[in-house]
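Here is the structure we will look at.
No hydrogens, no waters, no symmetry mates; every other heavy atom, side chains included, goes into these values.
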Amino acid sequence: QVQLVESGGGLVQAGDSLRLSCAASGRTASWYSTGWFRQAPGKERDFVAGIKWSDGSTDYADPVKGRFTISRDNAKNTVYLQMNNLKPEDTAVYSCAVDSLGTISKRTASYDYWGQGTQVTVSS
C-alpha cells in the first residue's frame, strides 16, 4: 500500500503561483510514477502532469505546458507541482496518484493509489 498526502492548495489571484506537494509513504518503489490530475465542478478528472521516479522524465497536458512544472525529491519521497501564471480555468481539486507500473498515463484507471486532493481556486 502507498499513502499519498497532498498539500499546498489555496485561493490565489490570476497570475499568481502555487506549489503543490504530494508526499508518498508506505511500500514505494523506484520504478513508480506520479501523476497530477484535476477535477473542476461538473467536469471529468483530467491529467495535468506526470513524472517517472526512475529517470525523472515528465509529460504535461497542453493547457499547462510552459506554466506548470512537475519535479521530484527522491530523498523526501515527494513530488511537486509548481504552478505559475495561474488562470481562473485552473480552478479545480488537484489530486496526485501513483502508477506502480511506472508509466505516465493520462488515464485515471492506470493509477493504483490516490491522495485525497487539494483545492486550488484562482480568482480573476
Side-chain angles (χ1 to χ4, degrees):
Q1 286 287 339
V2 176
Q3 293 78 43
L4 302 172
V5 177
E6 302 102 332
S7 61
L11 171 63
V12 297
Q13 293 186 330
D16 285 351
S17 299
L18 277 177
R19 189 178 78 160
L20 305 183
S21 299
C22 173
S25 61
R27 298 189 64 180
T28 60
S30 60
W31 61 84
Y32 286 180
S33 62
T34 294
W36 280 100
F37 289 77
R38 66 186 182 185
Q39 187 169 25
K43 295 189 177 181
E44 294 185 350
R45 183 177 286 180
D46 292 329
F47 174 82
V48 175
I51 187 167
K52 291 185 177 182
W53 296 10
S54 56
D55 62 7
S57 57
T58 60
D59 193 14
Y60 296 91
D62 287 343
V64 307
K65 284 181 180 177
R67 299 189 297 124
F68 291 11
T69 303
I70 189 170
S71 62
R72 170 169 168 80
D73 184 331
N74 290 334
K76 295 182 178 180
N77 255 4
T78 299
V79 170
Y80 302 100
L81 184 67
Q82 177 67 42
M83 306 186 294
N84 297 330
N85 190 23
L86 283 161
K87 304 176 180 181
E89 51 263 44
D90 294 318
T91 295
V93 174
Y94 284 71
S95 301
C96 65
V98 163
D99 176 1
S100 60
L101 294 182
T103 67
I104 303 179
S105 173
K106 293 179 172 61
R107 298 172 60 246
T108 58
S110 298
Y111 293 83
D112 308 287
Y113 307 100
W114 289 83
Q116 82 287 353
T118 185
Q119 177 70 47
V120 172
T121 303
V122 184
S123 64
S124 58

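When Val98, Asp99, Leu101 are each tested for a side-chain contact (heavy atoms from CB on, under 4.5 Å) with Asp112, only one passes: Asp99.
Residues Cys22 and Trp36 approach most closely at CB-CZ2, 3.5 Å, considering heavy atoms. Shown here for Cys96 and Thr34, the closest heavy-atom pair between the two residues is CB-CG2, 4.3 Å. Residue Ala49 comes nearest to Leu81 through the heavy atom pair CB-CD1, 4.1 Å, listed as atom of the first residue, atom of the second, then distance. The nearest pair of heavy atoms linking Ser17 to Gln82 is CB-NE2, 3.9 Å.
How far CG of Asp59 is from NZ of Lys52: 10.0 Å, rounded to the nearest 0.5 Å. Separation of atoms OG (Ser100) and CZ (Arg27) is listed at 11.5 Å; rounding is to 0.5 Å. In this structure, Arg45 CZ and Arg38 CZ are separated by 13.5 Å, a value rounded to the nearest 0.5 Å. Between atom OG1 of residue Thr28 and atom CG of residue Asn74 there is a gap of 10.0 Å, rounded to the nearest 0.5 Å.
Ile51 and Phe47 end up in different hydrophobic clusters when Ile, Leu, Val, Met, Phe, Trp and Tyr side chains are linked at under 4.5 Å. Note on Val93 and Val5: separate hydrophobic clusters, where clusters join Ile, Leu, Val, Met, Phe, Trp and Tyr whose side-chain heavy atoms are under 4.5 Å apart, directly or indirectly. Both Leu86 and Val64 belong to a common hydrophobic cluster when Ile, Leu, Val, Met, Phe, Trp and Tyr are linked at side-chain heavy-atom distances under 4.5 angstrom. Tracing side-chain contacts under 4.5 Å through hydrophobic residues (I, L, V, M, F, W, Y), one never reaches Ile104 starting from Val48; they form parts of separate clusters.
Proximity of a side-chain donor or acceptor of Tyr111 to a complementary backbone N or O of Ser105 within less than 3.5 Å is detected. A donor-acceptor pair is defined here as one N or O able to donate and one able to accept, closer than 3.5 Å; such a pair exists between the side chain of Thr91 and the backbone of Pro88. Side chain of Tyr60 to backbone of Ile70: a donor-acceptor contact under 3.5 angstrom is found. Side chain of Ser33 to backbone of Thr103: a donor-acceptor contact under 3.5 angstrom is found. Judged purely by atom type and a 3.5 angstrom limit, Ser123 uses its side chain to pair as donor or acceptor with the backbone of Val12.
Using a 4.5 Å heavy-atom cutoff, the side chains of Gln116 and Glu6 are in contact. Using a 4.5 Å heavy-atom threshold, the side chains of Val122 and Lys87 count as separate. At least one side-chain heavy atom of Val120 sits less than 4.5 Å from a side-chain heavy atom of Met83. Here the side chains of Val2 and Leu4 are in contact, with some heavy-atom distance below 4.5 Å. The closest side-chain heavy-atom distance from Glu44 to Thr108 is not below 4.5 Å.
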Take Asn77 and Arg72, measure what side chain to side chain contact (heavy atoms under 4.5 Å, CB included) needs, and give me the verdict at the end.
CA-CA 7 Å; Asn77 255 4; Arg72 170 169 168 80; 3.1 Å; yes
Evaluate side chain to side chain contact (heavy atoms under 4.5 Å, CB included) for Trp53 paired with Val79, printing each intermediate quantity in order.
CA-CA 9 Å; Trp53 296 10; Val79 170; 4.2 Å; yes
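Between Phe68 and Tyr94, the ring planes are tilted. Angles from 30° to 60° get that label. Aromatic ring orientation, Phe37 versus Trp114: tilted (interplanar angle from 30° to 60°).
Counting heavy atoms of neighbouring residues, nucleotides and ligands inside a 6.0 Å radius, atom NZ of Lys76 does not exceed 12 of them.
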